[in-house]
Amino acid sequence: MFENLSERLGGVFDRLTKQGALSEADVVAALREVRVALLEADVSLPVARDFIKRVQAKATGAAVTKSVTPGQQVVKIVHDELVATLTGDEDPGALKIDNPPVAILMVGLQGSGKTTTTAKLARRLKDREGKRVLMASLDTNRPAAMDQLAVLGVQVGVDTLPIVKGQTAPEIARRARTQAAMGGYDVVILDTAGRMHIDEVLMDEVQAVRDIATPRETLLVVDGLTGQDAVNVATEFDGKVGITGVVLTRMDGDGRGGAALSMRAVTGKPIRFVGVGEKSDALETFEASRVAGRILG
Ligand code: GDP
């Protein structure tokens, strides 16, 4: 069972003499516990290592005030650094929607929650921002996925591009673009086909679609329960397609969200939203402090 990090650090510091500032030995002992906590939260090893190094430099010699214990002091420094790493300059919930129609490309592995997130995002843009949204499924491999998006569209009251059998993904993307322009839509969200694993065919297809759609945002949908794998997925998609942000799904589950830290650290791209359930309103704007708290347990 995971213990609360503050409690663990309390244990470490109980054995140390209380001084006015955190000594290097105190910090090193404390950060050993922090490292375990990060790894338990599924943060990837290189990211955890790097993070610890940064915190060590910041914490060594930090003044400890009377009102807090050294353990609490280290937790605060770790928490602040986590938030700083997870937060960029951008406002995560504000997608760049100017010059309509704007295309948003949804990419990711199969089962990551891409189609569900497409509908959640469409609903959010419609309800909260009053946008006219069109959704299109480009998953030519799985007719069921196309039907799924159409059903979700009816549920959330958002139009979907009519299904035309036999078209390739780039052809559908082109049709979606034309339809969005002619129909006076503000946003067209393209739900691309996923694969079980990263492969060349998938990447070539997504690249071809991207070149036609010229998306303003390319959002990578990643299952928040996947740990180390998330970093590889994010690196691959960012390298090949160029992502503008990440949506972390299944954050309503037991996962501790370490993938958020790993992906942010490795790609530098912001986590924009988190999926917190199967329903179409279960999408929240990413909040760094909440995920930081969760990573620390
Ligand atoms: P896709 O293959 O990437 O398009 O994945 P789907 O959108 O079909 O989602 C796969 C499954 O994950 C579905 O049963 C969704 O209801 C579920 N799902 C998606 N997002 C979330 C989430 O944030 N929380 C939970 N609990 N389930 C989710």
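Both counts, for ligands and for their atoms, begin at 1 and track the order of listing.
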Students should find this: residues with any non-hydrogen atom under 4.0 Å from ligand 1. What is the answer? Leu109, Gln110, Gly111, Ser112, Gly113, Lys114, Thr115, Thr116, Lys120, Arg142, Gln148, Thr249, Arg250, Asp252, Gly275, Val276, Gly277, Glu278
Side-chain (Thr249) to main-chain (Ser112) donor-acceptor, under 3.5 angstrom: yes
Quick one: salt bridge (Lys or Arg N to Asp or Glu O under 4.0 Å) pairs with a partner in [range], sequence neighbours left out?
range            : result
residues 111-127 : Lys114-Asp191, Arg123-Asp127
residues 161-179 : none
residues 205-232 : Asp98-Arg216, Glu217-Arg272, Asp223-Arg250

Taking all heavy atoms of Ala173 and all of Leu138, pick out the closest pair and write down the distance. CB-CD2, 4.2 Å
Taking atom CZ of Arg132 as the centre, does the number of heavy atoms from other residues, nucleotides or ligands within less than 6.0 Å exceed 12? yes
